[in-house]
Amino acid sequence: MSKLILIDGNSIANRAFYALPLLSNSSGLHTNAVFGFTTMLLKLIEEQKPTHFLVAFDAGKITFRHTDYKEYKGGRAKTPPELSEQFPLIKDLIRAFTISQFELEGYEADDIIGTMTRAADEQGMDVLVVTGDKDMLQLASDRVTIAITRKGISEIELYDPAQLKERYGLTPDQIRDLKGLMGDSSDNIPGIPGVGEKTALKLLHEYGSVEEVLANAGSIKGKMGEKIQAHADDARMSKELATIFRDVPMSISWEEQAYNGYDKQALGSVFRKLEFKSLLEKMDFSGAEETDEEPAVLEELNTRILTEESVGDFAEKLPQVLSLHVEVIGDNPHNAVVLGAAFNTEDAAYYAPLDVLKAEAAEPVRRWLADPDKPKKMCDLHRALVALAWEGIPLEGCVFDVMLATYLLDPTESTLTLNALASKYKLSGVKDDAEVFGKGAKFKVPEVDQVSEHLCRKAAAIYQIASIQEKELEDNGMNRLYHELELPLSNVLGDMEKQGIKVNKQELEDIGRELSERIAQLIGHIYEHAGGEFNINSPKQLGEILFDRLNLPVYKKTKTGPSTDAEVLERLRTKHEIVSHILDYRTLAKLQSTYIEGLLKEIRPSDGKIHTVYKQTIAATGRLSSQYPNLQNIPIRLEEGRKIRKAFVPSEPGWRILAADYSQIELRVLAHISHDERLMEAFHENMDIHTKTAMDVFGVSEAEVDKNMRRSAKAVNFGIVYGISDYGLSQNLDITRAEAAKFIEQYFAVFQGVRRYMDDIIKKAREDGYVTTLLQRRRYLPEIKASNYNLRSFAERTAMNTPIQGTAADIIKLAMVQMAERLQEEKLKSRMLLQVHDELVFEVPEEELETMSRLVPEVMENALPLDVPLKVDVEHGINWYEAK
DNA sequence: ACTCTCACG
DNA sequence: ACGTACGTGAGAGTG
């Protein structure tokens with residue numbers, strides 16, 4: 001017999017919170033509601049033995065009830081922060097119990113439960129609804145029992161229709177009438193003034209329903225009759241409001257709600273985090289702890305070292321490989337050393353040093369590695385991909401990368417090593433790389449048996465970590481983001497990096513020579529004005545010259561002394577002739593050292609190309625980053641620097657560089673997620689967004705927008721994307737804070753949807769503890785509840801910015817995966833080479849220029865359709881500079 | 001290893 | 001009263 005338990009999460013959390021003293025654990029986290037919730041769940045599981053289980057939560061502050069009655073729940077006190085901070089913990093707890101949970105924007109838990117009970121009733125399931133809210137009694141039926149908490153949560157009172165009749169003399173349906181007459185102060189439902197429970201019951205026993213009471217109001221004597229007549233509409237509306245909506249648009253698959261007991265290990269770790277000591281003792285997690293500390297990885301792992309002789313036989317074991325690890329030594333995978341690969345199977349792990357992997361006898365192993373239909377679980381696919389490619393060993397078919405999964409589960413996690421991961425998941429036995437290899441100058445590869453042991457353990461850990469993370473990703477709703485975006489993208493990035501971009505060495509050297517001459521002249525002038533030689537590159541020495549010797553005013557200080565950054569020097573420009581020379585020197589010295597010398601060092605003599613490394617697991621927002629060298633910050637804003645781009649050329653004669661960039665992608669994303677009317681209109685009509693903003697904020701016509709107004713509007717738009725603050729805007733526009741605040745106020749008065757988004761996202765971050773992008777990428781913001789103003793403000797701006805920047809990142813990543821597919825499908829020779837956050841750079845043969853100029857924008861603009869159009873500008877030329 | 005500065009989106 | 005715009009990487013100087 002199936003038995004479904006449905007819990008009204010918000011109601012039970014509230015009851016628990018007010019019933020128990022305000023407990024907190026050693027890190028100051030309040031835990032009383034979580035504790036109450038836990039005891040409730042344990043009791044239900046033990047006593048009711050449910051086969052199906054679901055906890056429903058309210059979601060979104062506006063429900064359809066507000067559309068009808070905007071004072072709905074108006075009288076309710078705000079949820080205290082001590083309670084709201086516990087909701088994410090409760091959700092974690094439920095996850096550890098492996099109980100399903102559900103919420104839907106715009107609906108309350110009642111409605112979800114009402115919908116579920118109806119479906120369960122039709123299925124012939126027995127249902128127990130657990131809540132503190134008597135409204136829910138209206139759901140009682142032969143199969144549906146309602147459990148109402150009493151005295152907080154320690155006791156429950158069960159109601160089926162018979163008990164309801166016995167205690168109140170009402171049918172379930174009449175509960176709505178009861179509320180209609182007496183109202184409900186906690187939901188701000190008015191009812192009829194002066195009618196309480198007693199009177200309402202008396203009236204219903206006599207007349208049966210609100211409608212009948214109202215129809216007979218004339219025959220009700222005295223003041224009561226008058227009141228009923230005067231508030232007939234209130235009564236009708238109140239009944240309406242008290243009616244639980246039972247048609248929530250949700251698909252119900254009973255499999256999801258099936259309950260097969262809790263995950264003892266996960267529950268134990270949640271209890272430990274919350275410091276529920278009494279429960280830990282009572283429930284005896286020692287068994288679980290033991291498996292925590294003594295995992296399969298440590299239990300004698302059989303390891304074998306493969307040789308040229310034995311690797312042939314190992315080929316038979318390939319179908320049993322559960323996971324593998326490719327060890328790559330060195331930061332930059334393009335000139336790293338592949339040490340070898342470890343293969344983990346159910347009964348043993350095998351290590352193949354690189355030379356064995358490359359031996360003739362290992363041909364079947366290499367075929368397996370290259371086979372997209374042989375699934376592989378790994379750690380840091382991208383690194384292995386690039387390093388193996390240089391060894392001439394293709395790798396395909398990776399279905400799980402624990403490093404990538406760790407990043408998605410928490411993109412701010414900075415220690416992405418298997419050693420750290422293993423201990424995070426309580427798997428001991430994976431040593432730290434530094435322990436095996438040493439670090440820095442002392443780095444040394446030890447004997448092969450030690451290497452084998454270490455790498456085999458890594459491989460074994462990967463399998464176990466992956467099986468936990470698969471579930472975590474699923475729970476976070478990240479399956480598609482992971483399998484259809486990030487994992488395929490790893491392969492695309494690997495291809496781009498291996499391909500590399502051709503750089504004209506001559507061109508860089510020519511620019512470099514010119515720079516050297518000008519720098520030498522500037523140095524001469526600077527020494528002259530300073531009255532002696534010093535190291536201009538040293539902020540300390542420069543400060544001494546400027547502020548001590550030349551007595552210029554100090555406008556800004558750093559931790560260590562007066563600041564000499566460009567902003568300060570700009571303000572000092574008119575005060576002394578030396579300053580503008582220093583500014584010029586800085587600009588040119590930067591170009592020389594970072595871009596001329598820096599890039600020249602990265603050109604590989606073997607192919608004349610630069611191969612950058614895209615990092616997929618660094619940026620907290622979901623963006624990529626680029627290293628060795630960074631090709632995402634090649635100069636463009638100033639003409640002098642922009643010329644560097646002339647050195648980036650196609651790798652084949654007659655080909656062109658084609659660059660396509662999204663126009664205003666972040667503001668378009670903001671328009672989509674905020675649904676702000678004016679912002680959407682601006683993009684639908686393809687207007688210049690900064691001019692349009694100026695028109696709306698200053699209330700002028702297009703012709704009246706002058707340069708300064710547009711500049712201010714542009715700064716406000718940037719501010720909006722970054723998470724606006726009056727201080728930040730005042731700095732940027734060099735105006736007072738009060739003026740900046742006025743600008744922002746004017747902006748929000750017009751772009752009200754944007755204001756609503758900013759308020760809502762901060763609130764959501766506080767409730768959930770994280771924010772998400774359109775594709776469910778997540779970023780946790782624990783500091784959003786900090787009492788320290790700075791920390792909290794920073795978290796709030798991040799909450800505003802991350803969904804915008806992150807969604808833009810989602811979109812271009814999607815476009816890259818789709819673009820790679822299209823290039824392959826349509827057998828184009830063109831190659832994708834670079835990504836610069838909102839721009840993709842290709843090299844294209846002459847005959848494909850027309851096709852690509854059409855295809856690239858088409859794919860980019862439609863990668864993820866939004867409620868506003870995306871716009872892409874595309875250009876091409878003989879080098880990157882000319883593709884503008 | 002850390003700080004300052006500056007290049008990009 | 002507080003004190004910052006969001007996200008990165010690299011080079012040079014200093015400790």
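What's counted below: heavy atoms across the whole structure, side chains too, no hydrogens, waters or symmetry copies. Every chain is numbered from 1 and lettered A, B, ... according to where its sequence line falls, protein lines coming before strand lines.
Partner assigned to dG11(C) is dC4(B), using Watson-Crick or G-U wobble distances below 3.5 angstrom.
The side chain of Asn535(A) contributes no N or O atom lying less than 4.0 Å from OP1 or OP2 of dA12(C). For the pair Thr621(A) and dG7(C), the criterion of a side-chain N or O lying under 4.0 Å from OP1 or OP2 is not met. For the pair Lys559(A) and dT3(B), the criterion of a side-chain N or O lying under 4.0 Å from OP1 or OP2 is met. At the phosphate of dA10(C), neither OP1 nor OP2 sits under 4.0 Å from any side-chain N or O atom of Asn630(A). The side chain of Gln541(A) contributes an N or O atom lying less than 4.0 Å from OP1 or OP2 of dT14(C). Dashed line: the shortest gap from a side-chain N or O of Arg586(A) to OP1 or OP2 of dT5(B) is not under 4.0 Å. Of the side-chain N and O atoms in Ser538(A), one or more sit less than 4.0 angstrom from OP1 or OP2 of dT14(C). Phosphate proximity of dC8(B) to Arg637(A): present, with a side-chain N or O under 4.0 Å from OP1 or OP2. Distances shown here put a side-chain N or O of Ser563(A) below 4.0 Å from the OP1 or OP2 atom of dT5(B). Contact annotation: Thr564(A) reaches the phosphate of dT5(B) (side-chain N/O to OP1 or OP2, under 4.0 Å). Distances shown here put a side-chain N or O of Ser625(A) below 4.0 Å from the OP1 or OP2 atom of dG9(C). Contact annotation: Arg779(A) side-chain N/O to dG7(C) OP1/OP2 distance is under 4.0 Å. For the OP1/OP2 pair of dC6(C) and a distance below 4.0 Å, the side-chain nitrogens and oxygens of Arg797(A) include at least one atom meeting the criterion. OP1 and OP2 of dA5(C) both lie 4.0 Å or more from every side-chain N or O belonging to Gln731(A).
A donor and an acceptor atom, one from each side chain of Thr798(A) and Glu796(A), are nowhere located under 3.5 Å apart.
When rounded to the nearest whole Å, the span between CG of Leu733(A) and P of dA5(C) equals 15 Å. Nucleotide dG11(C) holds its C1' atom 15 Å from the OH atom of Tyr628(A), rounded to whole Å. Distance CG (Asn732(A)) to C1' (dT4(C)): 12 Å, rounded to an integer number of Å.
Here Tyr722(A) counts as stacked on dC6(C): its ring centre is under 5.5 angstrom from the base ring centre and the planes meet at under 30°. Residue side chain Phe794(A) fails the stacking definition with respect to dT4(C), as its ring centre and the base's six-membered ring centre are not both under 5.5 angstrom apart and under 30 degrees in plane angle.
For Gln805(A) against dC6(C), a side-chain-to-base donor-acceptor contact under 3.5 Å is present.
Taking 4.5 Å as the limit, every side-chain heavy atom of His611(A) sits out of range of all side-chain heavy atoms of Asn332(A). Within the 4.5 Å cutoff, side-chain heavy atoms of Ile582(A) are placed close to those of Leu569(A).
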